Amino acid sequence: MSQYFRIAKILSEQPIGQAVEIKGWIRTRRDSKGFSFLEVNDGSCVANLQVIAEENLPRYADDILRLTTGCSVRISGLLAASPAKGQAVELKATEVEVYGWADPEAYPLQKKRHSFEFLREIAHLRPRTNSLGAVARVRSALSFAVHRFFQEQGFQYIHTPIITTSDCEGAGEMFTVTTLDLNNVPRKDGRPDFSQDFFGRQANLTVSGQLEAEIYCLALGNVYTFGPTFRAENSNTSRHLAEFWMIEPEMAFCDLSQDMQVAEAFIKYLVQYVLDHCPDEIELFTNFVDKGLKARLATVLEQNFAKITYTEAIDRLTSCDRTFNFPVAWGADLQSEHERYLCEEVFKRPLIVSDYPKSIKPFYMRVNDDNTTVAAMDILVPGIGEIIGGSQREERYDNLVSRIEEMGLNPEEYDWYLDLRRYGTIPHAGFGLGFERLIQFVSGMANIREVIPFPRTPGSAAL
RNA sequence: UCCUGGGUAGCUCAGUCGGUAGAGCAGGUGACUGUUAAUCACCCUGUCGGGGGUUCGAAUCCCUCCCCGGGAGCCA
């Protein structure tokens, strides 16, 4: 009686001499005199298991010689040491059952490499490829590692709402959630009358769970969120999605420097976790996607992140002999080219830029003693750019009110948020990490559409 | 949204001066072989992104729309 194994387990444990059973999909078939080689992948790992199917097997001519890329099979047999180079073990089949055929004339996946653009058009089949399958396993491993990092340190996981009625950040374009009849929208003063809508008011998909996370931070202490986030921005780039996953820790009794320490430790923990748990995937990415990946991940672990203030960054940029397309001036936000220059050419490692002018940052960031900068920090990473944005939050009631007013917002709409400062306010800080950008950084994948199973971008939402 | 480069066989691409379309891979058939991006021979495959225009004639020139890549803005 043979025992069912995932292929990953067979390759790691190598139970030679044992009767085993595998289930998976054919990658290729090569015929030889008197037998065929089958490469079977079951999604448990990068590697395939080589199966030897001899011509005396039942239905050899009818089934085995018809197997092509994509067919699903159950195979049992005896695991043996492989006499040839290329693999340590192979399965000598005693039984091959075909679950499902895949017409080779019609099946889009071939045994050669495809462009990522083409694979994107077949989102339902692309996880069957080596690279997209590897991305999916890395994404799963990183998700687990995110929870493990925070849970090990006593953070509470908070489910902040996906449908929200607070438009607190004010900046990002939001998706509206409605059950109003779009062919006959009730109107009041020329505008849609959301008082007749499902929630009795306008509701949107969340752009960030931060403000809600702060509520629980000021009750439970350290908390984090990890969930989907939505931006209706018309941005068409290799690092933006309309639906993406964000991790937002919020830490009680925490200042900006502690915030930076946690963020750096977090990124290093995640990189280390993937190197430990997905070495074959990292090897695949390094060989076929990004030659410099392994070396870059190693330097992330070895070195401390570089740290400069915004003001120092401006000094560096104005005093260097480089000419930029965009002017460098104190008070203006750093452009991509500026960030890339500092991160990739000056420091050549992750870079934390802190203490930005308050005029270019949101109202909730804590104003520094100079009254012109805020306790904010961005972490820039080579090849990706900004991967984390965080800050110490303004915990002083009066300062927060005047910042809200300065930004032209209405304090009445932030009454619940101000309550957190009216009653038992505490110093606290947090940051947001874009999960897909993290996966890009760790996998070397150039386009963010390859690191989420079903990418949503302007004009595109397959499945 | 802006700048820029593309869209030709199932996939990746070539296509000269405007003259009526080709290669590699995949697929099919056969040969060979402990193979592993197998190899060799032969065969099949086209709305040249859509629409309009110029021309005797358009993959090629012009207009327009759609889609994709790269860069930028916004950000995570």
Side-chain angles (χ1 to χ4, degrees), chain A residues 27-40 47-54 65-66 68-70 80-87 90 92 102-122 129-130 169 171-173 207-210 228-248 263 287-288 324-326 332-340 360-362 378-381 384-390 431-441 446-452 457-460:
Chain A
R27 282 294 171 77
T28 72
R29 190 196 84 229
R30 295 180 294 274
D31 298 326
S32 191
K33 193 168 184 64
F35 65 100
S36 296
F37 297 98
L38 307 175
E39 295 281 342
V40 182
N48 306 321
L49 182 65
Q50 176 165 286
V51 174
I52 311 298
E54 296 188 350
L65 284 182
R66 283 176 56 217
T68 51
T69 307
S82 177
K85 287 180 183 169
Q87 60 282 317
E90 61 189 24
K92 304 262 189 214
D103 176 8
E105 304 258 26
Y107 189 58
L109 293 175
Q110 305 169 359
K111 56 188 172 187
K112 62 166 195 161
R113 291 181 70 185
H114 291 287
S115 69
F116 290 125
E117 291 81 8
F118 170 69
L119 293 176
R120 221 176 279 153
E121 295 169 10
I122 46 171
T129 64
N130 286 335
E169 291 210 64
E173 288 291 315
V207 295
S208 163
Q210 180 202 315
T229 312
F230 308 87
R231 305 270 168 97
E233 310 278 354
N234 189 12
S235 45
N236 288 290
T237 81
S238 57
R239 51 190 182 284
H240 286 87
L241 292 164
E243 176 182 287
F244 65 101
W245 286 62
M246 190 152 62
I247 296 140
E248 295 175 289
N287 288 334
F288 296 108
F324 296 104
N325 293 324
F326 288 86
D333 215 345
L334 298 177
Q335 304 292 312
S336 275
E337 56 172 344
H338 306 146
E339 295 180 344
R340 293 184 82 100
I360 58 172
K361 289 293 183 182
D378 284 356
I379 299 186
L380 312 175
V381 126
I384 310 288
E386 186 180 343
I387 196 170
I388 277 181
F431 61 84
L433 178 140
F435 189 50
E436 283 75 19
R437 288 189 184 173
L438 172 79
I439 302 170
Q440 280 189 277
F441 180 61
N447 196 310
I448 201 166
R449 287 154 219 218
E450 267 68 76
V451 300
I452 188 166
T457 54
S460 173

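Just so we're clear, the structure is a prediction, and the values are computed from it rather than from any experiment. Numbered from 1 within each chain, the chains take letters A, B, ... in sequence-line order.
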Pairwise [atom1] distance for [N] and [M], with rounding to whole Å:
N	M	atom1	result
B:G30	B:G69	C1'	41 Å
B:C2	B:U45	C1'	41 Å
B:A14	B:G49	P	13 Å
B:G52	B:C11	C1'	31 Å
B:U12	B:A37	C1'	14 Å
B:U55	B:G15	P	28 Å
B:U47	B:G22	P	15 Å
B:G57	B:C66	P	29 Å

Quick one: which of [options] gets closest to the side chain of [X]?
X	options	value
A:Glu117	B:G34, B:C68, B:A38	B:C68
A:His240	B:C75, B:U35, B:C68	B:C75
A:Arg239	B:U12, B:G34, B:A72	B:A72

Describe the nucleic acid contact of A:Thr69 in one word from base, sugar-phosphate, nothing, applying a heavy-atom distance below 4.0 Å.
nothing
Counting the atoms with a prime plus P, OP1 and OP2 as sugar-phosphate, which does A:Asp31 contact under 4.0 Å by heavy atoms, base, sugar-phosphate, or nothing?
base
Charged N-O contact under 4.0 Å between A:Arg120 and A:Glu450
yes
Lys/Arg N to Asp/Glu carboxylate O, A:Glu39 vs A:Arg30, below 4.0 Å:
yes
Under 4.0 Å from OP1 or OP2 of B:C75: is there any side-chain N or O of A:Ser235 that close?
no
Strictly under 3.5 Å: I want the nitrogen or oxygen pairs between protein and nucleotides 40-47 of chain B, one per line.
none

A:Gln87 (side chain) and B:U35 (base): donor-acceptor pair under 3.5 Å:
yes
Is any side-chain N or O of A:Gln335 under 3.5 Å from a base N or O of B:G73, one able to act as donor and the other as acceptor?
no
A:Glu39 or A:Thr457: which one's nearest nucleotide on RNA chain B is closer to the 5' end?
A:Glu39
